[in-house]
Structures are given as structure tokens and as C-alpha cells.
Amino acid sequence: MKRKIHVPPIKTQGIKTKLVEWIINQINFEIKGKWIEPFMGSGVVGFNLKPKRAIFADINPFLINFYNAIKNKEITHYKVKIFLESEGEKLRKKGEEYYYEIRNRFNKYHDPLDFLFLNRSCFNGIIRFNKNKEFNTPFGKKPNRFRRAYITKIVNQVKYVEECIRKYDWIFVAQDFRKTLMEAGADDLVYCDPPYLGRHTNYFDVWTEKDEYDLYRLLSQFKGKFVLSTWYKNKYRENDFVRKFWNKFNVITKDHFYHVGGKEINRNPVIEALIINFELNYIEKPKVKNIKADKPQILLFENKL
């Protein structure tokens with residue numbers, strides 16, 4: 001039976017909505033400790049797995065503030081409905097001018113509801129900040145964005161998160177991934193979805209090769225289980241860092257298509273990879289040379305330990 005996938009209220013680049021079931025299917029064991037996401041992003045995997053205890057961490061404080069506002073009941077699905085109906089009507093009447101008014105207001109006061117408004121009305125749902133940590137994504141050119149059906153969809157997404165937070169012990173914290181991983185224990189399961197080196201636009205901070213190496217080093221030393229999402233190849237090139245850093249772990253692939261991107265050229269099929277440090281649930285004869293993109297498979301490398 002196919003799992004119903006709940007989409008989070010905040011959209012992010014590279015959201016794993018269509019990969020959630022594949023990722024979760026690799027985790028058919030009980031998590032003794034906490035589910036930990038050092039790169040929360042949309043949080044779509046954890047939100048659908050619904051662990052009893054979880055830490056959702058991200059370097060973007062505005063994202064974390066939004067979910068903490070829900071946790072602290074400063075934001076409710078009812079408040080979201082009233083806010084989007086009011087602000088959406090102003091956007092419909094004033095258009096682009098009002099979007100930039102809200103963007104300036106957010107960059108001054110950092111209201112979580114303004115963050116939601118911008119995320120759902122900006123260009124292609126892209127969360128992007130400049131070097132001064134100011135939200136700078138342009139308007140999405142849809143003054144009628146917040147129609148009744150669209151508001152209802154967002155309200156239901158917020159309501160789902162509300163119910164999960166009320167039921168489960170979930171913590172949201174703004175911090176660097178290194179700190180999050182250093183605090184993880186042997187009974188915890190870490191799920192990492194970092195910015196994709198060589199492919200990711202500036203989400204909140206630049207992701208470098210040093211960051212990738214630090215992530216590799218910390219996960220290699222980690223005593224618990226981890227799952228890492230990354231990209232393996234597209235029609236233009238291969239991700240050399242899968243072979244360079246992650247070759248000693250189990251690697252499985254699946255084709256995927258990203259619809260979120262600033263340019264049409266960035267919305268291409270890509271072979272997604274999961275790096276896993278435990279026994280795989282999906283078993284198939286390994287393919288070494290020709291990687292087919294129509295179904296998941298295990299990769300083997302000559303220097304795999």
C-alpha cells in the first residue's frame with residue numbers, strides 16, 4: 001500500500017517529497033534513540049516518518065523560528081488562515097509592490113508568518129538569502145497566488161505539523177551541522193540532506209568542499225546509523241565526491257526530477273543517491289559500470305571497504 005505523503009508548509013530547494021517513501025523504506029527498524037536531521041530544510045522525511053523523538057536542526061534561523069512558533073502556539077493553522085486571507089487580498093490588489101513591502105518587513109522584523117508568505121509567493125518557492133542574511137528572492141509574478149484552495153492546502157499542512165508536535169517530542173534548533181552531529185548518540189539515527197556540492201544555489205550559506213569533508217569525517221566517526229541524501233550523476237556529469245568520500249559505505253541510486261530551480265536548465269533528471277552505513281533493505285545485484293536510472297540499485301566501487 002502506497003504511503004500518503006504529507007507536504008510541509010515551507011518549501012525548500014531539493015525537497016524530497018517524491019523520494020520520501022524510498023528513503024523511509026530503508027528504515028524498517030525501531031529507532032532506539034532520536035531521529036536527527038542536521039539539515040532540516042523542508043523536514044519532509046522526518047515529518048512523514050513521525051519519530052517519537054526528534055531533533056530538527058538547520059543553519060537557517062528563520063526556518064527554525066517558524067516551526068518553534070508552531071510549537072509554542074504562536075502560530076496555529078487558524079492564524080495562518082486569517083493571515084494569508086488578509087495578506088493575500090492585499091497582494092491581489094497591489095501586486096508586486098506589496099510582495100516587496102512584505103519582503104522588506106520580514107528582513108527588518110523576521111516575523112515567521114511573513115516568512116511563510118514569502119516562501120509561498122516568491123519566484124519558484126526558492127529560499128535564498130544575500131550575504132547580509134536578507135531574503136532576496138524576487139516576486140513569483142502571481143498576484144492571485146493565495147486563492148481559497150491554495151490557502152486551505154497550506155493551512156492543512158500547518159495543521160498536520162501542529163498535530164505531530166503535540167503528539168511527539170520534537171525539538172527545533174538553529175545551529176551548524178557539526179554541532180548537531182557532535183551531540184548525536186549511538187542509539188540515534190541521523191538523516192542528512194546537505195546542500196549538494198556543485199549543484200545547490202545559495203540557500204542560507206555557501207556549501208564548500210571543506211564542509212563536505214567535515215560531514216564525511218563526522219559521519220565516519222559516528223557510532224550510530226546514518227542515511228545521507230546526495231546526487232550521483234546527471235546527463236552532464238558525475239558527482240566525484242560520492243567516489244571520493246563516500247565509497248566505503250553502501251550506496252543506492254534512484255532517478256529523480258527536481259521541479260524547483262531558478263532556471264529551466266536546472267530542472268533536469270538526476271540520479272539520486274542514498275549513502276547508508278547499515279545493511280540495506282533493498283537488495284539487487286550490483287551494477288558497476290552502466291548505471292540505469294529506471295530503478296534503484298546498489299553501487300560498488302573498487303576501493304569499497
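Here the options are Lys73, His77, Lys71, the test is side-chain hydrogen bond (donor to acceptor under 3.5 Å, both in side chains), and the partner is Glu162; only His77 passes. None of Lys131, Arg128, Arg103 except one satisfies the side-chain hydrogen bond (donor to acceptor under 3.5 Å, both in side chains) rule with Asn136; the exception is Arg128. Each of Glu212, Glu209, Glu238 was checked for a salt bridge (charged side-chain N to carboxylate O under 4.0 Å, His left out) with Lys244, and the lone residue meeting it is Glu209. Residue Phe56 forms a ring-ring contact (aromatic ring centres under 6.0 Å, His included) with just one option from Tyr168, Trp170, Tyr191, Phe66, and that option is Trp170.
Counting heavy atoms from C-beta outward, Lys18 and Trp22 have side chains that stay 4.5 Å or more apart. At least one side-chain heavy atom of Glu89 sits under 4.5 Å from a side-chain heavy atom of Lys93. Side-chain contact between Asp193 and Ser42: absent, with no pair of heavy atoms (C-beta onward) separated by less than 4.5 Å.
Aromatic pair Phe146/Phe117: centroids less than 6.0 angstrom apart. Taking the ring centroids of Phe62 and Phe135, they lie at or beyond the 6.0 Å cut-off. Checked against a 6.0 Å centroid threshold, the rings of Trp207 and Phe39 count as neighbours.
At least one donor-acceptor pair closer than 3.5 Å links the side chain of Asn48 to the backbone N or O of Val44. Asn250 contributes a side-chain N or O that, together with a main-chain N or O of Phe278, makes up a donor-acceptor pair within less than 3.5 Å. Using modelled atom types, one side-chain atom of Glu21 and one backbone atom of Arg3 make a donor-acceptor pair closer than 3.5 Å. Not one N or O on the side chain of Asn65 forms a donor-acceptor pair closer than 3.5 Å with the backbone of Pro112. Under the 3.5 Å distance criterion, the side-chain polar atoms of Asp58 are matched with a main-chain donor or acceptor of Gly41. One N or O on the side chain of Tyr100 and one on the backbone of Phe139 form a donor-acceptor pair closer than 3.5 Å.
Note that OG1 of Thr12 is 6.0 Å distant from CD1 of Ile127, once rounded to the nearest 0.5 Å. Here Phe172 contributes atom CZ and Glu37 contributes atom CD; the two are 9.5 Å apart, rounded to the nearest 0.5 Å.
A perpendicular orientation is assigned to the rings of Phe47 and Tyr67, their planes being inclined by more than 60° (bins at 30° and 60°).
In terms of hydrophobic clustering, with Ile, Leu, Val, Met, Phe, Trp and Tyr side chains grouped at heavy-atom distances under 4.5 Å, Val7 and Ile24 are assigned to different clusters.
Lys225 forms a cation-pi arrangement with Phe29, by the criterion of a distance under 6.0 Å to the ring centre and an angle within 45° of the ring axis.
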